[in-house]
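A short worksheet on the structure shown next.
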2 protein chains.
Amino acid sequence: MLNGKANKYRISEKTVKLITEEANSRNYKPSLLAKGLRTQKTNTIGLLVPGIDNPYFANIASTVISETSRLGYTTVLVDTMGAPDLERAGVESLVSRMVDGIIVVPSGQEPDALESIDRNRTPVVLIDRYFEPTALPYVTTNNYEGGLNATKYLIGFGHRDILCIRGVPHSMPARERERGYLDALREAGLEDRARIAGNDFSIQNGYLETKFALSGSARPTAIFAMSNTILLGTIKAIKESGLRIPDDISVVSFDNYTYLDYLDPAITRVSQRISEMGALAVKILLQRIEGTGNDDAKIQLSPQLIVCNSVAHAHGEK
Amino acid sequence: MLNGKANKYRISEKTVKLITEEANSRNYKPSLLAKGLRTQKTNTIGLLVPGIDNPYFANIASTVISETSRLGYTTVLVDTMGAPDLERAGVESLVSRMVDGIIVVPSGQEPDALESIDRNRTPVVLIDRYFEPTALPYVTTNNYEGGLNATKYLIGFGHRDILCIRGVPHSMPARERERGYLDALREAGLEDRARIAGNDFSIQNGYLETKFALSGSARPTAIFAMSNTILLGTIKAIKESGLRIPDDISVVSFDNYTYLDYLDPAITRVSQRISEMGALAVKILLQRIEGTGNDDAKIQLSPQLIVCNSVAHAHGEK
DNA sequence: CTGAAAGCGCTAACAC
DNA sequence: GTGTTAGCGCTTTCAG
């Protein structure tokens with residue numbers, strides 16, 4: 001009754017005022033739980049990310065949370081640790097809590113579970129990653145373009161031996177960045193020199209792959225790190241080997257992050273438009289929840305190359 | 001009925017099996033909403049932080065989320081942006097969602113609202129910050145010790161002109177770190193040289209205060225930055241001025257963070273025990289929720305000084 | 001052992 | 001204009 005529908009039911013103003021005052025004085029708060037149970041609408045959405053500790057996902061969470069809260073929704077955050085079973089459990093818990101919708105950075109390879117949730121009246125929107133043949137709407141970076149441009153940029157500085165250190169191989173971002181990398185090489189007639197290694201978006205992976213690459217005789221003159229985490233490992237390994245960036249080896253990374261400007265040298269990177277991505281995912285989800293418009297938005301945002309000082313001209317030919 | 005209380009009610013095994021199978025085949029999921037309404041227990045806790053974008057708070061959130069989920073609870077994360085009114089609104093929303101308890105990094109100066117929530121059957125535990133005279137349990141770093149040791153460390157390198165760049169002045173961590181700073185100077189007979197500036201845990205604040213300090217004639221030989229954000233601003237200003245760390249000016253920061261190892265030089269800092277802090281806050285909260293033990297735990301964790309390369313001996317006396 | 005019924009706090013429909 | 005009631009899906013009590 002205290003929900004602003006007074007004039008809809010044509011209750012007298014006096015009564016409204018009386019009740020409102022009494023309610024305030026006793027500091028009454030309606031139970032959103034009961035309300036949700038009754039109306040089948042909780043004004044809550046679920047957000048699942050594989051590691052809130054990763055600044056990239058923290059950024060996504062930050063924009064999603066502030067955007068939903070601006071629009072009158074609450075966000076329940078679940079950290080899936082990148083584990084498909086935790087993701088599944090998280091989704092189920094959210095559904096049985098009757099969230100109105102779900103935004104998820106999917107970790108698994110199988111869209112089935114999420115698609116079935118989506119069909120069962122809880123709209124799902126993918127963010128950052130998506131599945132190849134999927135009915136689910138998504139918002140992601142144009143990772144192909146990112147990989148292409150990063151590699152072209154390196155080639156433009158005369159690099160011909162460019163190591164690409166990859167994240168989780170089956171994930172769409174990794175696949176697309178890799179495809180961009182390969183196409184850039186191909187355009188330059190360097191396809192024979194392609195060198196792709198690694199299998200995880202982690203510091204450890206960046207470290208090991210770089211260490212390995214630097215130990216061999218055919219040392220790359222540039223490295224394309226597919227994420228900020230991989231980058232850190234790469235930098236560590238490079239430092240340990242006594243080489244300097246960019247004089248001895250050039251580096252380009254993915255992901256934008258304040259700290260990258262403070263490294264020495266500041267790291268040239270492909271920046272994703274995170275706040276736009278978050279805002280769009282929320283917008284699409286709420287539209288679907290509220291039943292207006294566009295049920296299958298599939299959006300790719302163009303990344304931006306942020307040029308810093310981690311790339312120099314390749315020295316000699318091998 | 002499908003809650004494992006079968007033998008408590010002595011239901012026949014056959015029936016149980018039958019129902020269970022049927023439930024699974026139809027893929028039945030109990031409504032946690034209805035359950036919560038009925039039992040007044042939602043197995044959900046609320047977590048409020050002032051900015052999930054800040055790696056420090058992202059770390060806290062990460063440990064709190066993984067710890068609660070390990071113990072069978074779900075976490076609802078609210079980003080208060082450091083605004084007391086958003087915090088209040090967030091807390092109210094959580095309460096009316098019947099969360100079983102709340103963990104909060106409080107932004108305001110007034111404990112009243114939170115204390116009243118706590119008295120009204122929703123236990124509240126403070127983390128990172130707390131209020132001076134409060135009944136609310138808290139877990140925090142021994143910030144006094146952190147400020148003391150950071151400053152002593154600098155003094156040990158012969159520094160006598162140490163600028164302390166402060167975060168939000170009324171917040172307990174800032175006050176305690178400041179007190180530690182002052183006591184360290186006093187012990188060394190340097191109390192006349194105390195220099196405290198700034199009023200926010202932000203890059204901007206660090207930048208401006210450093211810029212200002214470097215522009216004057218009485219340039220400090222060392223800076224104690226009270227947070228990782230302040231530190232970034234400080235570094236930027238130092239770089240712009242053409243000075244080098246640590247040769248021309250030494251720097252010590254607060255907060256541990258992977259990236260600090262990758263800056264050049266790596267930054268000596270006072271590291272807080274975030275995972276212990278998060279785990280303890282969860283433990284205390286769940287104990288209070290489940291009615292066992294210790295209603296007013298007030299815990300301070302000793303920080304650790306992580307020594308890197310951002311401090312050198314002071315050159316000459318002024 | 002099993003079935004029926006009350007009630008958590010709310011909203012929407014319907015009677016007054 | 002206003003008061004009453006059913007029912008959201010669950011748990012728990014009480015009869016059978």
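Naming convention: chains lettered A, B, ... in sequence-line order (proteins, then strands); numbering from 1 in each chain. Worth saying up front: this structure is predicted, and the values here are computed from it rather than measured. Scope of the values below: all heavy atoms of this structure, side chains included, with no hydrogens, waters or symmetry mates.
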- Query: Between the two end axes of the helix from C:dC1-D:dG16 to C:dC16-D:dG1, each built from 5 base pairs, what angle do you get to the nearest 10°?
  - Reply: 60°
Atom-to-atom span, [atom1] of [X] to [atom2] of [N] - whole angstrom:
| X | N | atom1 | atom2 | answer |
| --- | --- | --- | --- | --- |
| B:L32 | D:dC8 | CG | P | 18 Å |
| A:L33 | C:dT11 | CG | P | 12 Å |
| B:L37 | C:dA6 | CG | P | 17 Å |
| B:R38 | D:dC8 | CZ | C1' | 14 Å |
| B:R97 | C:dC10 | CZ | P | 14 Å |
| B:M98 | D:dG9 | CE | C1' | 14 Å |
| A:N43 | C:dT11 | CG | P | 12 Å |

- Note on the structure: Per atom distances to the B:T39 side chain, the nearest of D:dT11, D:dG9, C:dG9 is D:dT11
- Task: Would you sort out whether B:L136 and B:E115 count as a side chain to side chain contact (heavy atoms under 4.5 Å, CB included), showing the intermediate values?
- Result: CA-CA 7 Å; B:L136 297 174; B:E115 284 177 355; 3.7 Å; yes
- Contact list for residues 57-67 of chain A, test salt bridge (charged side-chain N to carboxylate O under 4.0 Å, His left out), sequence neighbours left out: A:E67-A:R70
- Under 30°, 30 to 60°, or over 60°: which ring-plane class applies to A:Y257 and B:Y257, parallel, tilted or perpendicular? perpendicular
- Query: Hey, is the side chain of B:Q40 poking within less than 4.0 Å of OP1 or OP2 on C:dG9, counting only N and O atoms?
  - Reply: yes
- Task: Report yes or no: do A:D200 and A:N205 form a side-chain donor-acceptor pair below 3.5 Å?
- Result: no
List the atom pairs, with distances to 0.1 Å, where a side-chain N or O of residues 98-106 of chain A and a protein N or O form a donor-acceptor pair under 3.5 Å, not counting sequence neighbours.
unit_1	atom_1	unit_2	atom_2	d
A:D100	OD1	A:T42	N	3.0
A:D100	OD1	A:T42	OG1	3.4
A:D100	OD2	A:K41	NZ	3.1
A:D100	OD2	A:T42	N	3.4
A:D100	OD2	A:N43	N	2.5
A:D100	OD2	A:T44	N	3.4

- Query: Is A:K298 atom NZ crowded by more than 12 heavy atoms from other residues, nucleotides or ligands, each under 6.0 Å away?
  - Reply: yes
